[in-house]
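Keep in mind it's a predicted model, so treat the numbers as computed, not measured. In what follows, every heavy atom counts, from backbone to side chain, and hydrogens, waters and symmetry copies are set aside.
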Amino acid sequence: MSLPMVVPEDGLPARVRIHEVGARDGLQNEKATVPTEVKAEFVHRLAEAGLTTIEATSFVHPKWVPQLADAETLFPLLSDLPAGIALPVLVPNTRGLERALALGADRVAVFASASESFAKANLNRTLDEALGMFEPVVTRAKQEEVHVRGYVSMCFGDPWEGAVPIAQVVRVCTALRDMGCDELSLGDTIGVATPGNVTSLLGELTRQGVPIATLGVHFHDTYGQALANTYAALRHGVTTVDASAGGLGGCPYAKSATGNLATEDLVWMLQGLGIETGVDLGRLTATSVWMAGQLGRPSPSRTVRALSHQE
Ligand code: HMG
Ligand code: MG
């Protein structure tokens, strides 16, 4: 079978926007740095497979993430993509934002943490110092009419601190919204959440007045829970789901982070539920098989493996 049987369910969204993070979250975690031309081809192939939001790279300190140090060379290679393809980039501070604006980026993401330990490991700042670093970034981006996503990492568990209190996540989400972030992405950076955690957090955020339409979910698949957690989020009305082609991903500053939810696994489930994504699963799988060849190891995505073994 190359397509799932379609059996829609009541109470689920008609359409989901996939925020593809393979070229950023995936490639930032590769031991070997992928050549810039290969990254550019990867993004083009993802667009041809029907993905319309493709996180392209990060304008972070090149010493912190050497894998993405070619952002200035890569981004212009994507300028021929159709206007309907959004290419968000990560920016940690005003220096990163200025680099991105100089190249014409019109969607950026700041990345906060719900835990102190990860703020320190990932941004060399306390949680409040990190929020203080983002404030002028968001203000300036909004002046330039740039769309801003606010990531919140470690929303459920943290490798150093254990369970992260929901109140702490809500505090960071509220701070990012007050700054002017247009959307938030709730990160399970180390993949420890189970569906009940997701339902509780979304319930509390909506009770605190955060519109569900502004919330995306970002699940890493360390314990194989990413798809179950996504289903719980869909049940709660979430319509933006982050995923990474072929299941690439991780975070170099959180040792227990493994790959993201694989986009193919997500699309298989969504198609089975009759939910629109605009993604051509065959083309996407072919892209991940090609990328696995470039990286020299098979894709961890179950769907990629199942579909490619049939050919
Ligand atoms: P720092 O060492 O504290 O930097 O790093 P600083 O502010 O003290 O500045 C030191 C020097 O770096 C200065 O240069 C700055 O100009 C320069 P000098 O004046 O000494 O010559 N500098 C920069 N250069 C280029 N681009 C920049 C930049 N910023 C400063 N943007 C910093 C602080 C935030 C820069 C650093 O910690 C950093 O780059 N961290 C990025 C870490 C990262 O990218 N992690 C992965 C992404 S997050 C993630 O994967 C999670 C997510 O997927 C969601 C989830 O799964 O939960 C999003
Ligand atoms: Mg991530």
Side-chain angles (χ1 to χ4, degrees), residues 18-43 45-46 51 53-75 77-78 86-93 95-97 99-100 103 105 107-113 118-125 130 134 137 149-154 159 185 187-191 216 218-222 226 242-263 287-288 291-292 294-297 299-301:
I18 299 177
H19 183 108
E20 168 61 45
V21 297
R24 193 281 303 170
D25 208 338
L27 300 187
Q28 77 180 8
N29 209 41
E30 285 300 316
K31 283 199 179 64
T33 299
V34 174
T36 310
E37 311 73 57
V38 173
K39 292 176 179 173
E41 184 170 348
F42 186 36
V43 174
R45 283 178 177 242
L46 293 169
L51 288 153
T53 306
I54 307 172
E55 205 165 88
T57 186
S58 296
F59 291 88
V60 295
H61 195 297
K63 284 204 185 114
W64 280 67
V65 186
Q67 294 90 334
L68 303 183
D70 61 351
E72 261 82 6
T73 323
L74 173 65
F75 202 75
L77 297 179
L78 309 177
L87 296 169
V89 294
L90 261 58
V91 295
N93 50 18
R95 176 78 203 280
L97 178 68
R99 289 174 58 203
L103 295 170
R107 289 175 86 96
V108 299
V110 293
F111 43 106
S113 167
F118 188 61
K120 200 79 195 156
N122 200 40
L123 295 162
N124 197 26
R125 302 283 186 279
F134 300 144
V137 177
R149 159 176 264 226
Y151 277 104
V152 184
S153 285
M154 305 296 177
S185 173
D188 185 11
T189 320
I190 56 169
H218 179 105
F219 296 123
H220 285 263
D221 205 21
T222 322
D242 298 4
S244 156
L248 298 168
C251 178
Y253 293 101
K255 286 291 165 250
S256 27
T258 62
N260 291 78
L261 168 63
T263 314
T287 298
S288 290
M291 196 61 199
Q294 298 293 326
L295 298 172
R297 56 182 163 72
S299 158
S301 160

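Contact detail for L123 and F134: the closest heavy-atom pair is CD1-CZ, 3.8 Å. G249 and S244 make their closest contact through N-OG, 4.4 Å (heavy atoms, listed as atom of the first residue, atom of the second, distance). Nearest heavy-atom pair, K39 versus Q67, reported as atom, atom and distance to 0.1 Å: NZ-O, 2.5 Å. For G22 against F42, the heavy-atom pair with the smallest separation is C-CE2, 3.8 Å. Closest approach of A262 to A243, counting heavy atoms only: C-CB, 4.3 Å. Nearest heavy-atom pair, D188 versus F219, reported as atom, atom and distance to 0.1 Å: CB-CD2, 3.7 Å.
Annotation: ring-ring contact (aromatic ring centres under 6.0 Å, His included) contacts of H218 (sequence neighbours excluded): Y151, H220. Listed by chain and residue number, R149 satisfy the salt bridge (charged side-chain N to carboxylate O under 4.0 Å, His left out) test with D242 (two or more places apart in sequence, or in another chain).
The structure places CD of Q28 at 4.5 Å from CZ of R24, a figure rounded to the nearest 0.5 Å. Rounding to the nearest 0.5 Å gives a distance of 4.5 Å between CG of L74 and CG of L78. Between atom CG of residue N29 and atom CG of residue N260 there is a gap of 9.0 Å, rounded to the nearest 0.5 Å. One distance of note links CD of E20 with CG of D25; it measures 10.0 Å at 0.5 Å rounding. Residue L295 holds its CG atom at 6.0 Å from CG of L248, rounded to the nearest 0.5 Å. The OG1 atom of T36 sits 3.5 Å away from atom CG of D70, with the distance rounded to the nearest 0.5 Å.
Although no hydrogens or angles enter the test, the distance criterion places no donor-acceptor pair under 3.5 Å between the side chain of S58 and the main chain of V60. Looking at T53, its side chain never comes within 3.5 Å of a backbone N or O of A86 through a donor-acceptor pair. Side-chain atoms of T189 come within 3.5 Å of backbone N or O of M154 as a donor-acceptor pair.
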Report the C-alpha distance between V91 and R99 in whole Å, list the side-chain angles of each, state the deciding distance to 0.1 Å, and finish with yes or no for side-chain contact (heavy atoms from CB on, under 4.5 Å).
-> CA-CA 9 Å; V91 295; R99 289 174 58 203; over 6 Å; no
From CA spacing to verdict: side-chain contact (heavy atoms from CB on, under 4.5 Å), L90, E55 | CA-CA 8 Å; L90 261 58; E55 205 165 88; 3.4 Å; yes
Evaluation steps, side-chain contact (heavy atoms from CB on, under 4.5 Å), between L46 and T287 = CA-CA 7 Å; L46 293 169; T287 298; 4.2 Å; yes
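A 4.5 Å side-chain heavy-atom check between E41 and V38 finds every atom pair outside the cut-off. Looking only at side-chain heavy atoms (C-beta outward), L103 and V89 stay at 4.5 Å or farther from each other. The closest side-chain heavy-atom distance from N93 to H61 is not below 4.5 Å.
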